[in-house]
Amino acid sequence: MNSPLLSGLNPEQLAAVTLPEQSALILAGAGSGKTRVLTTRIAYLVSTGQASPHNILAVTFTNKAAKEMLVRLSAMLPINMRGLWIGTFHGLCNRMLRAHHREANLPQTFQILDSGDQLSAIKRLMKAMNVDDEKFPPREVQNFISSSKEQGLRATEVEAFDPYTRRKAEIFAEYDKQCQREGVVDFSELLLRCHELLSRNQPLREHYQERFRHILVDEFQDTNPLQYRWLKLLAGKENSLFAVGDDDQSIYAFRGANVGNMQELLRDFHVGSVIKLEQNYRSHGNILGAANALIQHNRNRLGKNLWTSENGGEPLRVYEAGTDVDEAAFITGEIKQLAREGVKLSEIALLYRSNAQSRALEHALVSAGLSYRVYGGLRFFERQEIKHALAYLRLMENNGDDNALLRIINFPARGIGARGIEQLQEAAKQFNGSLFDAAARAGGKATAFVGLIESLRGATRELPLPEIIDHVLQHSGLIAHYESEKSSPSKKREAEERLDNLNELINAATLFVHENEDDSLAAFLAHASLEAGEHQAGSGEDALHLMTVHAAKGLEFHSVFITGLEEGLFPHQNSINSGELDEERRLMYVAITRARRRLYLTFAQSRMLHGQVNYSLVSSFLRELPDELLRWITPRLEARAPRTFSQAKPFSPQIRETALPVSRPETSSPWRIGQSVHHAKFGDGVILNTEGRGADMRVQVNFRKAGAKWLSLEYAKLSPL
DNA sequence: CGCACGTGGTTTTTT
DNA sequence: ACCACGTGCG
């Protein structure tokens, strides 16, 4: 076959795209054309007549990825893609559950709880059950419930051998009852419920098995056990599962993803051969060389080595800063230079391990007048005012949604306080009904609130979606509430922003109506729960990208700065403590492979963290990169703050300056905070703290391997580096 | 009922 | 340093 569809594919990509109808695992390295292979495979199946769009199910990790695939597909194929199911696991399960809500024992209007909703539902339940939230932190209970479900376990199936776990299982059971009563499902429930539906209902299962002869899965390394079981169920014995993934980019094990699914797939689906996509089209040889050298320190890899036809390239630039502030200053300087050389700001990314690190960077960028955009952080549909507006809509749609009612029954304030709410809860318990029903019978302010919801529902019954929302915003009192807050000088800005966001909600609804066939309120509410991200205003502007390494997966940039490369930060201390360095290293691997042309690696000797100055050693990951690929940019002496302690020098013991002016007398001793030291038994470390003087002096040292220790200078054999 | 102040807790994140 | 949450007061 010689179609333009297949031209330009390399032999491995071609093999993957044109595989006969059988299950397959495609091991696709970073930048190896993974998305292209997936979309071309679908286009190939359809255009050769092997399958109609109706026979295809494509699963992605994020909504964004699903959207992108759909866009690419419609560019490749002139035919209508209706009938093709593409989406995230959660989106697809939601779709099935809506279609078969009766069989799944759910109300047609069931609502989806996001993590925040879930947490408040758990808190509310625990209060009703009189559970001590000191002994059972709600967050931990939430985790317990979610991760149990993600393993495919119901409350009765959880292994609970100790009283503590047994109690959590009881809460779990009650929580599920509460959700059922209120007609809501949480994220993992979508998957579990859908899995149970398919496994219990044979005709339904066979219907979908006959339909989806081709199942394609992206980011397969990130699937959890329940998702894998769901895929297995749908695939049955006949269908082919085309899984694409990269074990080296598995960075979500911490929330239940199981890389082992890749091995299981090979066994369960009798996959004969794994196709490896190892040619990288993104980065030059030095960047790739560094990535390969790093990841080789990991055990238990499926084995894969990225290569590129473009050898060489410039070396990776390494910068050691005195402080996080210096680090940020260096970065802004380089960005300005890059911009002068014609690199667009939007082609530059600043990556960090944890969100807290963005602050120092942002500060420097603002002073430098560089526009930037922070990804992650608070999402549109998670903003307080949006959640409030949605709660009105949800309650109109489903009176049983106690979560929604509690959020808005007194917002804006209408004189229904904690006391009144308690009474409602008692009444509801009495006759085993919803808070809404209780409020309807209570009389007074509560009943007036019920009247408000009823009248909102009545007035908007025939309206198109954006007008429903507009009406609700106006008549719920939300708009008036924020308008009145504008008169308070301290809240003016905040209120204006919230009003803007509420307006943006109407825009989002308008967009939704244009993009979706099902433009009902119920569909929009599901969309709001399932697609919490993405919706960002002002994306047209040329701006830098700031994000965590996790958020950068799947993206690429001309230039990338990996910042905060310090032991304890990246790799993060928790992963060092728990011995989970491999996942952390994969994270670093993901970070490195985001860069096309230029890569900066920066770290600081001291950093302000949680209001305290921290001193750390350079990240061990930096030491794992081959020397010859790096170019150290030693900071100029005069540019450094007096409290800077070391002269940058790679790898070999660092030379300290003692001649720098110091402000306090005791810091002239070699045992100062921030000083790097060597100990015969514990190895290298940094002084965190000191105590006493002279012969009695004790110092606290943070050792790379052994962690923090107090040592007496009289006995410990410590030498400055 | 609503506001002011105090306390605790801060890896990563999508759905 | 900063934010979210909870308690106690006016």
Side-chain angles (χ1 to χ4, degrees), chain A residues 59-66 87-94 112-120 123 127 133-134 137-139 143 146 149-150 185-192 194 219 222-224 226-227 250-257 324 351-360 363 375-379 381-382 384 410-421 445 488 490-491 526-534 547-554 564 568-578 580 583-584 586-588 590-591 607-614:
Chain A
V59 193
T60 60
F61 191 57
T62 62
N63 289 301
K64 194 171 151 195
T88 62
F89 282 102
H90 295 84
L92 296 165
C93 287
N94 174 53
I112 300 166
L113 301 184
D114 67 19
S115 337
D117 299 330
Q118 184 186 27
L119 189 62
S120 39
K123 282 183 184 164
K127 216 169 222 169
D133 59 4
E134 301 257 296
R139 283 214 176 273
N143 243 332
S146 296
K149 287 185 181 180
E150 276 157 19
V185 297
D186 61 47
F187 286 138
S188 28
E189 181 71 23
L190 281 172
L191 295 168
L192 186 52
C194 189
E219 307 279 13
D222 289 321
T223 52
N224 66 36
L226 177 57
Q227 290 164 338
S250 155
I251 54 174
Y252 287 106
F254 74 93
R255 63 169 209 231
D324 48 349
L351 307 184
Y352 34 80
R353 178 62 177 80
S354 56
N355 280 310
Q357 288 165 252
S358 76
R359 203 163 284 281
H363 189 83
Y375 292 78
L378 193 56
R379 304 182 139 63
F381 286 111
E382 280 169 7
Q384 186 208 92
N410 200 35
F411 193 96
R414 27 180 95 83
I416 305 173
R419 198 55 213 285
I421 288 169
K445 292 166 181 167
S488 147
S490 65
K491 288 187 180 166
H527 164 86
S529 301
L530 291 173
E531 202 168 332
E534 308 325 315
M547 61 184 90
T548 63
V549 182
H550 282 90
K553 192 169 84 157
L569 195 61
F570 194 3
H572 194 272
Q573 191 59 49
N574 293 1
S575 61
I576 298 173
N577 296 341
S578 58
E580 286 155 357
E583 174 145 323
E584 208 70 4
R586 290 193 291 269
L587 198 52
M588 180 67 180
V590 168
R607 177 178 301 275
M608 195 70 142
L609 219 57
H610 314 313
Q612 278 195 329
V613 182
N614 276 257

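By convention in this document, chain letters (A, B, ...) are assigned in the order of the sequence lines, proteins followed by strands, and residues within each chain are numbered from 1.
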For A:R607, the side-chain hydrogen bond (donor to acceptor under 3.5 Å, both in side chains) test, sequence neighbours excluded, returns A:E327, A:E566
d(A:E531 CD, A:H90 NE2) to nearest 0.5 Å is 13.5 Å
Residues passing the side-chain hydrogen bond (donor to acceptor under 3.5 Å, both in side chains) test with A:Q357, sequence neighbours excluded, are A:S354
note: A:D114, atom CG; B:dT13, atom P; distance rounded to Å ~ 16 Å
A:N410 near the nucleic acid: base, sugar-phosphate alone, or nothing, with a heavy-atom cut-off under 4.0 Å? sugar-phosphate
query = Is A:E150 salt-bridged to A:R255, cutoff N-O under 4.0 Å?
reply = no
Flag the pair A:H572 / A:F254 as yes when their ring centroid distance falls below 6.0 Å, and as no otherwise. no
Taking B:dG2, B:dT15, B:dT13 as options, the one with an atom nearest any side-chain atom of A:A413 is B:dG2
For nucleotides 4-10 of chain C, 5' to 3', base contacts (B), sugar-phosphate-only contacts (S) and non-contacts (-) with protein non-hydrogen atoms under 4.0 Å give -------
Sort me out a list of protein N/O and nucleotides 5-11 of chain B N/O pairs below 3.5 Å, or just none if empty.
{"from": "B:dT11", "atom 1": "O4'", "to": "A:H572", "atom 2": "NE2", "distance (Å)": "3.2"}
{"from": "B:dT11", "atom 1": "O2", "to": "A:R353", "atom 2": "NH1", "distance (Å)": "3.3"}
{"from": "B:dT11", "atom 1": "O2", "to": "A:R353", "atom 2": "NH2", "distance (Å)": "2.4"}

ask   = Hey, does A:F61 reach any base, or is it just sugar-phosphate, or nothing, if we go heavy atoms under 4.0 Å?
value = sugar-phosphate
Q) Are any of A:T548's side-chain N or O atoms less than 4.0 Å away from OP1 or OP2 of B:dT13? A) yes
Side chain to side chain contact (heavy atoms under 4.5 Å, CB included) filter on A:N143, not counting sequence neighbours, yields none
To the nearest angstrom, the CD-P distance between A:E382 and C:dC3 comes to 17 Å
Sorted by chain and number, sequence neighbours left out, side-chain hydrogen bond (donor to acceptor under 3.5 Å, both in side chains) with A:D186 holds for A:Q118, A:K149, A:Y175, A:S188
Give A:S115 one of three labels, base, sugar-phosphate or nothing, depending on what nucleic acid heavy atoms sit under 4.0 Å from its own.
base
Review point. Base, sugar-phosphate alone, or nothing: which one does A:I416 contact when heavy atoms must sit under 4.0 Å apart?
Key: sugar-phosphate
